[in-house]
Each structure stands twice: as structure tokens, then as C-alpha cells.
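Below: the structure, in C-alpha cells.
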2 protein chains.
Amino acid sequence: MYGVGMATTKSIPLSNRPLTDTHAEVLADVFAALADPVRLRLFDLVRRAGDTGVCSCDLVEPLERSQPTISHHLKVLREAGLVESRREGTWLWYSVIPGALQSTSTFVQR
Amino acid sequence: MYGVGMATTKSIPLSNRPLTDTHAEVLADVFAALADPVRLRLFDLVRRAGDTGVCSCDLVEPLERSQPTISHHLKVLREAGLVESRREGTWLWYSVIPGALQSTSTFVQR
DNA sequence: CAAGTAATTAGATAATCGTCAATATATCCA
DNA sequence: TGGATATATTGACGATTATCTAATTACTTG
């Protein structure tokens with residue numbers, strides 16, 4: 001029965017426990033994806049595009065980097081779970097994965 | 001007079017402008033400081049210590065790194081403007097600089 | 001001042017990263 | 001099927017990074 005004669009665990013609430021090594025590694029991976037100015041601007045542009053997303057062909061010019069470089073950075077953002085792409089014929093449309101920054105937001109906040 | 005016959009600038013609100021390169025670089029530097037699991041746990045421990053701060057001598061053991069390595073990481077956090085240290089005799093006490101994560105929090109949020 | 005402890009700096013190494021040119025793959029359309 | 005365009009991969013490069021040991025500096029206290 002719950003709460004009757006039960007030995008309490010006295011476990012520390014989640015928020016009071018220090019960051020575990022594995023949690024820190026997961027978080028660090030996301031921060032690493034954001035730790036480059038080109039990728040930040042890339043992510044910003046994708047986010048601004050909303051649900052519709054943005055064609056990656058429109059990301060090369062404003063960032064003044066070569067096409068392979070943009071492709072590389074998009075891959076990093078994708079592998080970090082921050083953005084996703086859907087194919088529309090010849091083009092790829094990128095959009096932000098909802099809630100992708102949840103964990104980092106929680107960490108950074110307070 | 002304000003608002004009377006004034007030529008409107010039609011300038012785009014700050015939040016509607018894409019990230020500038022310089023702003024992106026500043027942000028990326030903070031994210032880079034957080035892009036390492038050891039530094040994340042370090043920052044977490046310092047933050048938990050509140051205003052009192054924590055002696056760096058107490059940070060070596062829980063992170064299982066050599067003392068110079070911890071010193072190096074603390075320097076990175078310091079140079080990123082995330083933490084500060086005050087000397088207390090032989091020891092250095094580290095604490096979080098209030099509002100240090102303001103900009104990153106704003107970026108990450110929404 | 002001298003001894004002891006805390007912290008930084010120096011130097012080295014292996015690994016990762018950002019970038020580009022060149023090449024390859026994928027998709028559309030005639 | 002073949003040409004055109006969009007995107008990804010490869011391979012190379014210089015630069016940066018995380019880590020260690022060893023040596024140095026800073027501070028306290030006897």
C-alpha cells in the first residue's frame with residue numbers, strides 16, 4: 001500500500017542531484033552543435049522559417065560559405081537532433097525539431 | 001516631438017532580424033564553453049554552491065581529472081564570463097556570475 | 001625567512017573541427 | 001536515356017582542444 005507503513009527512500013529530488021556524467025555528455029553534444037557561429041546562424045535561419053522550413057539552397061548565399069560546408073554544418077545540426085529535413089523533389093527543406101532545445105533550455109535556465 | 005509628424009524608420013524589430021555574424025560569434029563562445037561534459041559538471045557544481053561559491057580544491061575529486069585539467073576548465077569558464085573567483089587566503093572560491101547565461105537562455109528559448 | 005599547500009603555466013600529444021576543391025549521388029525533366 | 005541542378009561525401013589542410021606530467025608561481029603559517 002502506498003504511504004502506509006512504507007519505508008521512505010529519502011532519495012534526493014532530481015533537481016538537487018548533481019549532473020551525471022552521461023547527462024552532461026548528452027547536453028554537451030547539443031551545446032557543441034551550437035558552438036559555431038555559422039551553425040548558430042544556420043539554426044536561426046531554419047527556425048525563422050517555421051513549419052514550412054527553408055530550402056538548403058537558400059542557406060549558402062547568406063552565410064558566405066561553400067555548399068559542402070553548409071551541407072556539413074546541416075549534418076551536424078541534424079545529428080544533434082536539432083533540425084530535420086524532408087525532401088521535396090530535388091530540394092531538401094529543413095525545419096527545427098520541436099522541443100529540440102528543451103534540455104538545454106532547462107539547464108541554462110537558472 | 002515624439003510621435004508627431006516623425007518619419008518612421010520602418011526598421012525591423014530586433015527579434016525579427018536574423019542573427020548577425022558578430023552576435024553569433026559571441027553566442028557561440030558561450031556555447032563552446034558549455035560544450036564539454038567536464039565543464040558542464042563543473043559549472044553545475046559551482047552553480048549549486050550559490051553565493052558562497054565553492055573552493056576549487058573541492059572540484060578535483062568529484063570530476064576525476066587532474067588538478068591542472070580542472071584549473072584549465074575553470075579558466076575557460078572564467079574567460080567565457082560564466083564564473084568568477086575570489087581569493088580566500090590560499091584558496092580560490094568560484095561562483096556563477098549572475099545573468100551570465102542570459103543571452104544563451106534568450107536564444108535557446110523559442 | 002623557510003616549509004608547505006594551492007593554483008597556474010609550460011610543453012607535449014592525440015584527437016577533433018572548420019573549411020575547401022573535387023568527386024559522387026540523387027532527382028527532375030526533356 | 002541523358003543533361004541539368006541540388007545535395008552529400010571524400011580527402012586534405014591548418015587550427016583548436018582535452019589531457020597529462022613537470023615545473024613555476026602565489027599565498028599562508030610556523
Side-chain angles (χ1 to χ4, degrees), chain A residues 19 21-22 24-46 49 52-80 82-95, chain B residues 19 21-22 24-46 49 52-80 82-95:
Chain A
L19 223 53
D21 190 32
T22 46
E25 275 176 23
V26 173
L27 265 177
D29 283 342
V30 180
F31 283 127
L34 300 174
D36 179 89
V38 172
R39 276 199 298 273
L40 270 188
R41 296 174 62 198
L42 218 35
F43 180 82
D44 178 62
L45 290 176
V46 172
T52 320
V54 58
C55 175
S56 65
C57 62
D58 287 328
L59 295 171
V60 173
E61 199 199 279
L63 290 176
E64 296 174 295
R65 294 293 187 284
S66 74
Q67 183 271 320
T69 295
I70 298 300
S71 175
H72 161 70
H73 284 306
L74 285 172
K75 186 180 187 181
V76 173
L77 289 176
R78 226 184 310 121
E79 288 176 347
L82 297 183
V83 304
E84 62 191 346
S85 62
R86 93 176 172 283
R87 190 171 275 282
E88 194 98 359
T90 316
W91 295 274
L92 284 183
W93 289 77
Y94 280 84
S95 54
Chain B
L19 223 53
D21 190 32
T22 46
E25 276 176 21
V26 173
L27 265 178
D29 283 343
V30 180
F31 284 127
L34 300 174
D36 179 89
V38 173
R39 277 201 296 274
L40 271 188
R41 296 173 63 197
L42 218 36
F43 181 82
D44 178 62
L45 290 176
V46 172
T52 321
V54 58
C55 175
S56 65
C57 63
D58 288 328
L59 296 170
V60 173
E61 199 199 278
L63 289 176
E64 296 174 296
R65 293 294 186 285
S66 75
Q67 187 272 323
T69 294
I70 297 300
S71 175
H72 161 70
H73 284 305
L74 285 173
K75 187 180 186 180
V76 174
L77 289 176
R78 225 184 310 119
E79 288 177 347
L82 297 183
V83 304
E84 63 191 347
S85 63
R86 93 177 174 282
R87 191 170 272 283
E88 194 98 0
T90 317
W91 295 275
L92 284 184
W93 289 76
Y94 280 85
S95 53

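Every chain is numbered from 1, with letters handed out A, B, ... down the list of sequences. Heavy atoms only: backbone and side chains are in, while hydrogens, waters and symmetry mates are out.
Distance alone, capped at 3.5 Å, places no donor-acceptor pair between the A:Arg86 side chain and the A:Trp93 backbone. No donor-acceptor pair under 3.5 Å is formed between the side chain of B:Arg39 and the backbone N or O of B:His73. Using modelled atom types, no side-chain atom of A:Arg65 and backbone atom of A:Leu59 make a donor-acceptor pair closer than 3.5 Å.
Separating the CG atom in A:Asp29 from the CG atom in A:Leu82 is a distance of 10.5 Å, to the nearest 0.5 Å. How far CG of B:Leu63 is from CG of B:Leu40: 11.0 Å, rounded to the nearest 0.5 Å.
Nearest heavy-atom pair, B:Ala35 versus A:Ala35, reported as atom, atom and distance to 0.1 Å: CB-CB, 4.3 Å. What you find for A:Ser95 and A:Gly53 is that their closest heavy atoms are CB-CA, 4.1 Å. A:Ala80 and A:Val30 make their closest contact through O-CG2, 4.5 Å (heavy atoms, listed as atom of the first residue, atom of the second, distance). The two residues B:Phe43 and B:Leu77 have their closest heavy-atom pair at N-CD1, 4.1 Å.
Residues of residues 54-62 of chain A having a heavy atom closer than 4.0 Å to DNA chain C: none are found. Using a 4.0 Å cutoff on non-hydrogen atoms, the parts of residues 82-94 of chain B near DNA chain C are B:Thr90, B:Trp91, B:Leu92, B:Tyr94, ordered by number.
On the nucleic acid side, DNA chain D has its first and last nucleotide under 4.0 Å of a heavy atom of chain B at D:dA18 to D:dT28, going 5' to 3'.
Set against C:dC20, C:dG18, C:dT9, the side chain of A:His72 has C:dG18 as its closest nucleotide.
Rounded to whole Å, the distance from CG on A:Leu74 to P on C:dG18 is 13 Å. The CD atom of A:Glu64 sits 18 Å away from the P atom of C:dG18 (whole-angstrom rounding). A straight line from NZ of A:Lys75 to P of C:dC17 spans 12 Å, rounded to a whole angstrom.
Both B:Gln67 and A:Pro68 lie near DNA chain C, and the one whose nearest nucleotide falls closer to the 5' end is B:Gln67.
Using a 4.5 Å heavy-atom threshold, the side chains of B:Ser71 and B:Gln67 count as touching.
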*asked:* The test is side-chain contact (heavy atoms from CB on, under 4.5 Å); show your working for A:Ser56 and A:Leu74 and say whether it passes.
replied: CA-CA 9 Å; A:Ser56 65; A:Leu74 285 172; 3.8 Å; yes
